[in-house]
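It should be emphasised that the depicted structure is a prediction, and the values quoted were computed from it without experimental measurement. Residue numbers start at 1 and run along the sequence shown. When a ligand or atom number is given, it counts from 1 through the structure's own listing order.
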Amino acid sequence: MAEIGSDVKRPRDGEQKSNGSVSVEAESNSISSIIPGWFSEISPMWPGEAHSLKVERILFQGKSDFQNVMVFQSSTYGKVLVLDGVIQLTERDECAYQEMITHLPLCSIPNPKKVLVIGGGDGGVLREVARHLSVEQIDICEIDKMVVDVSKQFFPDVAVGFEDPRVKLHIGDGIAFMKAVPAGTYDAIIVDSSDPIGPAQELFEKPFFETVAKALRPGGVVSTQAESIWLHMHIIEGIVANCRQIFKGSVNYAWTTVPTYPSGVIGFMLCSTEGPSVDFKHPSNPIDADKNHSKSSGPLKFYNSEIHTAAFCLPTFAKKVIDNQ
Ligand code: 4ZY
């Protein structure tokens, strides 16, 4: 078990304010409960709304060099990991995000061998990459070691991904890491970022996508967290425009449901570099649900080939914007 750093504050059971609300003071944004005993996710990224979860007990609060880290036990979604006031995963619905951001790219190319994960310090994407038996090397570059340590301590079914012998963990800046690898190194790069405020901001900008494209082999694929069609069409529009300039293979947007993410949905940019063509909408390397699980990671809970293809069907308002970029 990883030792969590000394800058960690461990509240006593259910440490709560006298009015019963659960509150954590953060510098960069506020995490505050608008309903006593509930966690409410308030952020300028989704003004005017705040999804709430009932808190049974706060399990961990800490401040890393990069962000505030909190874990609480919710009454209906299991344990919840929160970074700077924003829910990153819950035990109940993490499968939807981790499986889709991983299998959408890896099931779209034959025999992926070298995979890079940027971010993803909870280990869930690693757990999913490890299901692909063709994969020989899994590098992960996560900026915040506290996220890794907290995940190992509180989310063992997610952090199990770190136990795969193919995984090599690098703590540091993902962009610097990619710049340092020889061009054309990876078959697939998965960017599991949080929102574009705070440490993840650069991961949504054009130079970052240029760096990703260089690190991929011809016909290599990238899958990046690409926000919500209900909340962030302006951000998505910019990402799609940048990706169309940079990725000369294919550029697609897919989405899935994650009930505890803002608006209940999250999207992914799926792009390939010039080279062997990639048809993301029709998985050519389907994952065999029976073969691709170990005792430790269990069976797939969310992903299947039908939901893969369906993920690329967009509502008309989003299709208009995305197709016009
Ligand atoms: N790391 C995935 C993630 C995406 C969006 C939000 C939080 C976490 N808001």
Inset, instruction - Assign the ring pair Phe72 / Phe39 to parallel, tilted or perpendicular, where the plane angle (0 to 90°) is split at 30° and 60°. - result: tilted
Legend entry - Side-chain heavy atoms of Met233 within contact of Ile322, under 4.5 Å: yes
Inset, instruction - Take atom CD of Glu274 as the centre, draw a 6.0 Å sphere, and report whether it contains more than 12 heavy atoms from other residues, nucleotides or ligands. - result: no
Inset, instruction - For the residue pair Phe154 and Phe60, categorise the inter-ring angle as parallel (less than 30°), tilted (30 to 60°) or perpendicular (more than 60°). - result: tilted
Legend entry - Short side-chain to backbone donor-acceptor contact, His232 and Met45, under 3.5 Å: yes
Inset, instruction - At a heavy-atom distance under 4.0 Å, which protein residues reach ligand 1? Sort them by chain and number, would you? - result: Val86, Ile87, Gln88, Tyr97, Asp192, Ser193, Asp195, Gln225, Tyr261, Pro262, Ile266
Inset, instruction - If a pair satisfies side-chain hydrogen bond (donor to acceptor under 3.5 Å, both in side chains) and one of its residues is in residues 166-176, list it, with sequence neighbours excluded. - result: Asp164-Arg166
